[in-house]
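Working notes, structure below.
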2 protein chains.
Amino acid sequence: MKKRPTKLCHRFFINLANPTRLAAIEQLMDKPMSVNELAAVLGQEQSMVSHNLKPLLQCNLITIQRQGKKHIYAVNQETLNPIFATIQTHAQKYCPAGGKCLKGE
Amino acid sequence: MKKRPTKLCHRFFINLANPTRLAAIEQLMDKPMSVNELAAVLGQEQSMVSHNLKPLLQCNLITIQRQGKKHIYAVNQETLNPIFATIQTHAQKYCPAGGKCLKGE
DNA sequence: ACTTCATATGAAAGAATGCTCATATAAAGA
DNA sequence: TCTTTATATGAGCATTCTTTCATATGAAGT
């Protein structure tokens, strides 16, 4: 923990700070999927899903595997599992009412 | 990891996806500080620091302790240490050139 | 009560993001 | 090569976020 987190982390968090991308990750955690499959599950346009997968892929938060025409995306569990586990612990402690922040909203 | 990460995590990441707030966290990791002290270290205005500390406090990513006029802020290490440790591991693997993303700026 | 120091808050301008629509690329089959 | 299917890309609008400036609150000392 001596490394300066600032620059290193900014893009990382930017990527995760978006409901669409989080929803995509959530679905991909259940199982790897193609873009259209993901779009269907999320109820959103293909182009939007594609746009949002791009930065996630660039930061290696998800991986891609091409099967002919289809591109199968999967989450980088090694990184994302511990992150979400930590947040869940945090939430259990500070956000008792099912994900609602203690202080306001 | 059965909990849906989406809604729970969004605000959490929004908070961290900001250079000013990350810089503040970075400084507070070294030592707890007052707002003015932090503003001085960061080279930024007091009001800006104050504005940015507010959401971090609301999400319990930092804590506050009032000493008379001064408000001493400190990081929630229990949550932030494992998060930053995970990111650092991720970065070591995928961002070899000192925090630079593999796949283009 | 008044002054000073420390922090918080409000509003508004500017910048950055996200989403949508249209279109481009790319692979596979006829 | 033409068509179809799957995904990616680009531009523009709308929205949200960030920052700044001005001001308010609040605590402590005189």
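To find a chain, count down the sequence lines: A is the first, B the second, and so on, and within it residues start at 1. Any value given below was found using the heavy atoms of this structure, including those in side chains, with hydrogens, waters and symmetry copies removed.
- Whole-Å rounding puts the His10(B) NE2 to dT17(C) C1' distance at 11 Å.
- Residues passing the side-chain hydrogen bond (donor to acceptor under 3.5 Å, both in side chains) test with Gln46(B), sequence neighbours excluded: none.
- Residue Tyr94(B) is tested with Asn76(A), Asn60(A), Thr79(A) for a side chain to side chain donor-acceptor pair (under 3.5 Å); the sole match is Asn76(A).
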Scoring nucleotides 19-30 of chain C by protein non-hydrogen atoms under 4.0 Å (B base, S sugar-phosphate only, - none) yields SBBB----BS--
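- With sequence neighbours left out, the salt bridge (Lys or Arg N to Asp or Glu O under 4.0 Å) criterion links Glu45(B) to no other residue.
- First and last contacting nucleotides of DNA chain D toward chain A (any atom under 4.0 angstrom from a heavy atom, 5' to 3' order): dT5(D) to dG10(D).
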Determine all donor-acceptor pairs shorter than 3.5 Å in which one atom belongs to a side chain in residues 49-57 of chain A; sequence neighbours excluded.
unit_1	atom_1	unit_2	atom_2	d
Asn52(A)	OD1	Arg21(A)	NH1	2.9
Asn52(A)	ND2	Met48(A)	O	3.0

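- A side chain to side chain donor-acceptor pair (under 3.5 Å) with Glu37(B) is found for exactly one of Gln27(B), Lys31(B), Lys70(B), namely Lys31(B).
- Here dA16(C) presents its C1' atom at 15 Å from CZ of Arg11(A), a figure rounded to the nearest Å.
- Cluster membership for Leu38(A) and Ile72(A), using ILVMFWY side-chain heavy atoms within less than 4.5 angstrom, is not shared.
- Within the 4.5 Å cutoff, the side chain of Phe84(B) has heavy atoms near those of the Cys9(A) side chain.
- Residue pairs meeting the ring pair (Phe, Tyr, Trp, His ring centres under 6.0 Å) criterion with at least one partner in residues 12-38 of chain B, sequence neighbours excluded, are His90(A)-Phe12(B).
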